[in-house]
Amino acid sequence: QFERRVREKERQLSAAPRQLGSYEYLAQNSIKYVPDHRRTMVDRASYMEFLETQLERATACCHAVQAYSQRMDVIQDSLTTAEIQLVENEKLVRTSQAISSQLEEEIGRLRQSQAQKFQRLDDSISGTLDVQQSLVDRLDRIERLLDETRRMGAESEERTSRAVLRQVEERLALADKAAAAQRDERLAALA
């Protein structure tokens, strides 16, 4: 009967929460069911079992705590490394943003400079085209004047030729008259 009670108590204790497995609980509850003459021996044996169990649990807990501590150290190292990388990445981002803004400013200045150069080039080309157009217009006027001068020269030559021809004809007519008069005088003198 005693052994049956002890087994029931062990089953209850193994099924009971951990708080029920404390030495105080065991000592209080085990003493009730043990007769007086065996109480000291059961107490000592159960206490030794209890201590061995507690020692195993404490050892397991120590190993678990040690494993968790190592994991926490690894996690802490990883977090420290991640923080360092984050700070370095933040510096890189700031540097790249600064470089990007400088490049944007430089590109803006270059675009403005190129726009001014293109505007000056466009103005220069427009001026050159205007000068070329005025030269073409002048050339056209010169060609018209040359054509007109040639025409007038031709007309003038024709007039001059006609005038010279008339003068020659008049001189020839006068020379014919003079020759005819001389002939007539010679014929009259011979006759």
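Note that this is a predicted model, so its numbers are computed, not measured.
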Notebook entry, point to check: Is Val93 reachable from Ile84 through a run of I, L, V, M, F, W or Y residues, each pair having side-chain heavy atoms under 4.5 Å apart?
Noted result: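 No, separate clusters.
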Report, one line per pair, each donor and acceptor closer than 3.5 Å where one atom sits in a side chain of residues 65-77; sequence neighbours left out.
none

Who are the side-chain contact (heavy atoms from CB on, under 4.5 Å) partners of [X], not counting sequence neighbours?
{"X": "Arg144", "answer": "Arg141"}
{"X": "Arg151", "answer": "Glu148, Glu155"}
{"X": "Glu56", "answer": "none"}
{"X": "Ile99", "answer": "Thr95, Leu103"}

Margin query: I need the single residue from Thr59, Thr53, Leu51 that forms a side chain to side chain contact (heavy atoms under 4.5 Å, CB included) with Leu55. Which is it?
Written below: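 The option that passes is Thr59.
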How long is the gap from [atom1] on [X] to [atom2] on [Y], to the nearest 0.5 Å?
{"X": "Leu110", "Y": "Lys117", "atom1": "CG", "atom2": "NZ", "value": "8.5 Å"}
{"X": "Ser126", "Y": "Asp122", "atom1": "OG", "atom2": "CG", "value": "4.5 Å"}
{"X": "Glu185", "Y": "Gln182", "atom1": "CD", "atom2": "CD", "value": "7.0 Å"}

Notebook entry, point to check: More than 12 heavy atoms of other residues, nucleotides or ligands under 6.0 Å from CZ of Arg111: is that the case?
Noted result: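 For Arg111, atom CZ is not crowded (no more than 12 foreign heavy atoms under 6.0 Å).
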Margin query: Does anything in residues 80-93 form a side chain to side chain donor-acceptor pair (under 3.5 Å)? List the pairs, not counting sequence neighbours.
Written below: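 Listed by first then second residue: Glu90-Arg94.
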What residues form a side chain to side chain donor-acceptor pair (under 3.5 Å) with [X], not counting sequence neighbours?
{"X": "Gln119", "answer": "Asp123"}
{"X": "Asp137", "answer": "Gln133"}
{"X": "Gln132", "answer": "none"}

Notebook entry, point to check: Of all residues at least two apart in sequence or in a different chain, which pass the salt bridge (charged side-chain N to carboxylate O under 4.0 Å, His left out) check with Glu170?
Noted result: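 Scan of Glu170 (salt bridge (charged side-chain N to carboxylate O under 4.0 Å, His left out), adjacent residues dropped) gives none.
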Item checked: Chi angles and distances behind the side-chain contact (heavy atoms from CB on, under 4.5 Å) call for Thr128, Ser124 -> CA-CA 6 Å; Thr128 304; Ser124 174; 4.2 Å; yes
